[in-house]
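One structure below.
In listed order, ligands and their atoms are each counted from 1. We number each residue from 1, following the sequence as shown.
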Amino acid sequence: MTTPVRVRFAPSPTGTLHVGGARTAIYNWAFARKSGGTFILRIDDTDPERSTAENTAQILRSLTWLGIDWDEGPEVGGEYGPYFQTQRADNYRAALETMKANGTAYPCFCSAETLEGKREAARQSGSGISGYDRTCRALTAEDAAARVEAGEPHVWRLAVPLDHGPVVVDDAVRGLTEFPIEAMDDFVLARTDGTPTYNFATVIDDADMEISHVIRGDDHLANTPRQILVFEALGHTVPRFAHLSMIWGPDGKKLSKRHGATSVEAYDEMGYLPEALLNYLALLGWSLDGETTIVPADVLKANFSLERISKNPAIFDIDKLEWMNGSYIRDMSADELISRLLPWLERAGLATAADVEARHDWFVALIPLVAERLKHLDEIAPMVRFLFEEPEIDEASLAKVLRKEGAGTALSAVAEALKACDWSSAAIEETLRGVPETIGLKPKVVFQAVRVAATGSTVSPPLFESLELLGRARSLARIQAAHELATT
Ligand code: GLU
């Protein structure tokens, strides 16, 4: 019988969700979905000083925004809860009792100063071993019990089984790694105040939640042999591990703020689509077939496998993400894109949902003009503002285009020609293409003058389609006004 797949993403709410954390979440989620397993969200909030409820809320929001749903965890509950480490103290206490009883945990009374002195002495001796020297492990059981009973401050340490032989981590991504048992120190399981350390709490939770696979960043690789020893001390099955290589910036250094935005939320605020970011992050260290770049969530969920995770560090390349975002934007239906753009138009004060409803066809006609040009959604307001508000003609365009020889003539000829033409982009194009020859000017002079007149700038979406969307009355009024500017 195979054990059911149960995986978890266990962020510490000490900050917002980082793209690296998001990738870990995506892999766990995709693996659970592919194997018909359970994806658990657990909040590792044992660091009381740095964990906040806002960060937790923020992490949940970012995951939801990305389209990642969890089967057990905050907000949804589940049979293995609670899903916040701070609410699981009873579980840690119970596990520690088991380890006390079977002799795999012992109390250590060494003070912080004593320990610092020992560390210093170890450094000086150059032995290379800096772990605890196991002084208190030598106490008799009676002695130790009496001192605990008397209320002497103490921590609880793991009694590393010295005859264990190397601890073998059989990692799904990295293969076999052996850690010599001599390198394992009797690390602290529970602190003086009774709170569990990360390496202890994590194992108890993974064991109690029956986690089958631990998929996480390889910054935890050094913790893994220690965690395996705790699983074994408690007689639990050790889960299968898969350690993901780090994400690097383009300079080959660990991705950090220096490289630009690292939080998922920042990408939302910059106008990235969640499905594009999900796709991009999924391919940072995993591939469908080594070449397909567009892997939407449903394909990911149907095909994800641990075998195709790469050992090599992945490079976060914002240009690729931007390209991917543009690609998702272009492939969207007009109605879908309108609904994604609406919040940006609303925030810029350009349009409301009621406007979209009232002029639905107009908005649908706008989409082909912008879809090709948008790399992210935040670019929409500056791109289409001229369609909603009277443009201000910038100084440069005024000097470079409208005040140039011929601009006045061109604009009055264009105004005349447009008065009678059909108001479709095709008819507008045909009409405007006829103007330069009639008045003996270069097409560029004419078209640039019209573009500046109608849009306020020399850079805009396609001219004829823009004029069509602007309507005849507004187009002519702007051309008139620009004509006045050109000739005064
Ligand atoms: N809370 C830990 C972290 O955010 C979890 C590590 C793990 O997955 O065990 O790094």
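- Looking at ligand 1, you'll find an N or O of H220 within less than 3.5 Å of one of its N or O atoms.
- Residue L255 forms a side chain to side chain contact (heavy atoms under 4.5 Å, CB included) with just one option from V19, L284, I315, and that option is V19.
- Counting protein heavy atoms only, atom 5 (C) of ligand 1 is closest to A10 O, 3.2 Å.
- Of all heavy-atom pairs between V160 and R137, the closest is O-NH2, 2.9 Å.
- Annotation: V214 places no N or O atom under 3.5 Å from an N or O atom of ligand 1; distance criterion only.
- Listed by number with element, the atoms of ligand 1 under 4.0 angstrom from any heavy atom of T202 are 9 (O).
- When all heavy atoms are compared, the tightest approach of L63 to A25 is CD2-CB, 3.7 Å.
- Within the 4.0 Å heavy-atom cutoff, R8 counts among the residues contacting ligand 1.
- Which parts of ligand 1 touch R216 is read off a 4.0 Å heavy-atom cut-off, strictly below it: atoms 7 (C), 8 (O), 9 (O).
- Ion pairing between a basic and an acidic side chain is recognised when a charged N comes within 4.0 Å of a carboxylate O; R226 and D185 show such pairing.
- Among all heavy-atom pairs drawn from P368 and A365, the shortest one is CD-O, 3.2 Å.
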Residue pair F9, F39: steps toward the ring pair (Phe, Tyr, Trp, His ring centres under 6.0 Å) verdict | CA-CA 8 Å; F9 174 53; F39 175 55; 7.2 Å; no
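- Short contacts between ligand 1 and D44, defined as distances under 4.0 Å to a heavy atom of the residue, involve ligand atoms 1 (N), 2 (C), 5 (C).
- Each of the atoms 1 (N), 2 (C), 3 (C), 4 (O) of ligand 1 lies under 4.0 Å from some heavy atom of S12.
- Proximity of Y198 to ligand 1, defined as any heavy-atom pair under 4.0 Å, is confined to the side chain (atoms from C-beta onward).
- For the pair K254 and W248, the NZ or CZ position fails the cation-pi test of under 6.0 Å to the six-membered ring centre and within 45 degrees of the ring normal.
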